Amino acid sequence: MTDSPAAAASRQATRTRVWDLPTRLFHWALAAAVIGLIATGLGGVMEWHFRLGYTVLALLLFRLVWGFVGGRWSRFAAFVYAPGSLLAYLRGRAHPDHLIGHTPLGALSVFAVLAILALQVATGLVADDEISAAGPLTRFVSGDLVSLATGWHSTQGKWIVIALASLHVLAVLFYVLVKRHRLVAPMVSGDKHIAAAGSRDDAASRGLALLLALLCAGVAYWVSSLRA
């Protein structure tokens, strides 16, 4: 008797690198930085709020580049899904490859978080509370734009970040506790037991990631030096 396709795939599954080390380090560094940003923003510790903001800027720049040159499952091309793929996933008919890296629903969450964080960083760079905190780029834009950016950054943007971060944690807990999907462990070890090609994660790719991270940190530091 021959195995079913699902049984054959399960039997052939091996420990495979899905999340390369640079992606894992990015994920946990961004999580820590966002928590710090929320805490310092709510607590009014603005010097550290700025420092963490520059850190997030460097991390976002790195992820943007790494999304094109990183490991297979870290590239944007691996989790940019058509609407039909999302609908199929929601109906329980996802393609097996869509369950290896980011699922279609998870991909939407990733892009939403990256987009709102990019907007928060951008508005923070030109925000001014007229008391003690002014972004390094405020003198390069109009007063109207500074006012608009400040209002967004300190109200709507802040609460959207908190809401998305909370939703992300709740979604992870749901998948881990209810659907019994292993999401946290692979983001620590980088590996999953799957029957598919893995991501490149060798010394050369890690060296490239380190170089890109240093360049992105340099850009963020340069931006911070523009602060009056």
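Being a predicted model, the structure only gives us computed values, none of them experimental.
- The main-chain N or O of Val188 is found under 3.5 Å from a side-chain atom of Arg24 such that the two form a donor-acceptor pair.
- Summarising the geometry, atom CG belonging to Leu119 is positioned 12.5 Å from atom CG belonging to Leu114; distances are rounded to the nearest 0.5 Å.
- Linking ILVMFWY side-chain heavy atoms closer than 4.5 Å, directly or via other members, places Leu30 and Val65 in a single hydrophobic cluster.
- Nearest heavy-atom pair across Leu59 and Phe26 is O-CE1, 3.3 Å.
- The pair Asp201-Arg206 meets the salt-bridge criterion, with a side-chain N (NZ, NE, NH1 or NH2) lying under 4.0 Å from an Asp/Glu carboxylate O.
- Pairs of residues two or more places apart, or lying in two chains, that qualify as ring pair (Phe, Tyr, Trp, His ring centres under 6.0 Å) and include a residue from residues 34-74 are Phe62-Trp66, Phe68-Phe76.
- Considering every non-hydrogen atom in both Val34 and Val161, the closest pair reads CG1-CG1, 4.2 Å.
- Residue Tyr221 qualifies as open at atom OH: its count of foreign heavy atoms under 6.0 Å is 12 or below.
- Considering OH of Tyr81 and CG of Leu105, their distance stands at 11.0 Å, rounded to 0.5 Å.
- In this structure, Leu215 is not a member of the same hydrophobic cluster as Leu210, with clusters built from ILVMFWY side-chain heavy atoms closer than 4.5 Å.
- No side-chain heavy atom of Ser154 sits under 4.5 Å from any side-chain heavy atom of Asp129.
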>> side chain to side chain contact (heavy atoms under 4.5 Å, CB included) for Leu117 and Leu60? Distances and angles first, verdict last.
In response: CA-CA 8 Å; Leu117 288 178; Leu60 291 178; 4.1 Å; yes

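- Put simply, the side chain of Ser199 gets close to the backbone of Val18: a donor and an acceptor are under 3.5 Å apart.
- Ring pair Phe79/Phe111: centre-to-centre distance below 6.0 Å.
- Contact record, Val110 with His102: CG2-CE1, 3.6 Å, taken as the closest heavy-atom pair.
- If you take CH2 on Trp152 and CG on Leu148, they are separated by 9.5 Å, rounding to the nearest 0.5 Å.
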>> Set out, in order, the CA-CA distance, both residues' side-chain angles and the distance that settles side chain to side chain contact (heavy atoms under 4.5 Å, CB included) for Leu52 and Val56, then state yes or no.
In response: CA-CA 6 Å; Leu52 290 168; Val56 171; 5.6 Å; no

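- Under a hydrophobic clustering in which Ile, Leu, Val, Met, Phe, Trp and Tyr are joined whenever their side-chain heavy atoms come within less than 4.5 Å, directly or via other members, Val172 and Leu167 fall into different clusters.
- Atom NE2 of His168 is surrounded by 12 or fewer heavy atoms from other residues, nucleotides or ligands within 6.0 Å.
- Proximity of Ser147 to Glu130: side-chain heavy atoms (C-beta onward) are nowhere separated by under 4.5 Å.
- Side-chain contact check for Ser74 versus Arg63: some heavy-atom pair is nearer than 4.5 Å.
- Linking Ile, Leu, Val, Met, Phe, Trp and Tyr residues whenever their side-chain heavy atoms come within less than 4.5 Å leaves Leu208 and Leu25 in two separate clusters.
- The two residues Trp19 and Pro186 come nearest to each other via the heavy atoms CD1-O, 3.6 Å.
- Side-chain atoms of Thr55 do not come within 3.5 Å of backbone N or O of Gly53 as any donor-acceptor pair.
- Atom NZ of residue Lys158 and atom CD of residue Gln120 lie 9.5 Å apart, to the nearest 0.5 angstrom.
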> Stepwise, does the side chain to side chain donor-acceptor pair (under 3.5 Å) test hold for Thr138 with Asp128?
Replying inline: CA-CA 7 Å; Thr138 53; Asp128 185 356; 5.3 Å; no

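- Summarising the geometry, atom CG belonging to Leu212 is positioned 10.5 Å from atom CG belonging to Leu64; distances are rounded to the nearest 0.5 Å.
- In plain terms, the two heavy atoms of Trp28 and Val184 that are nearest each other are CH2-CG1, 4.4 Å.
- Taken from CZ in Arg200 to CZ in Arg72, the straight-line distance is 15.0 Å, to the nearest 0.5 Å.
- By the 4.5 Å heavy-atom criterion applied to side chains, Thr150 and Thr123 are not counted as neighbours.
- Judged purely by atom type and a 3.5 angstrom limit, Arg75 uses its side chain to pair as donor or acceptor with the backbone of Gly70.
- Counting only heavy atoms from C-beta outward, the side chains of Tyr89 and His95 never approach each other to under 4.5 Å.
- When atom types are taken as modelled, the side chain of Arg139 and the backbone of Leu226 share a donor-acceptor pair closer than 3.5 angstrom.
- Pro22 approaches Ala209 most closely through the heavy-atom pair CG-CB, 3.3 Å.
- By the rule that hydrophobic residues join a cluster once side-chain heavy atoms approach within less than 4.5 Å of another member, Leu42 and Ile116 end up as members of one cluster.
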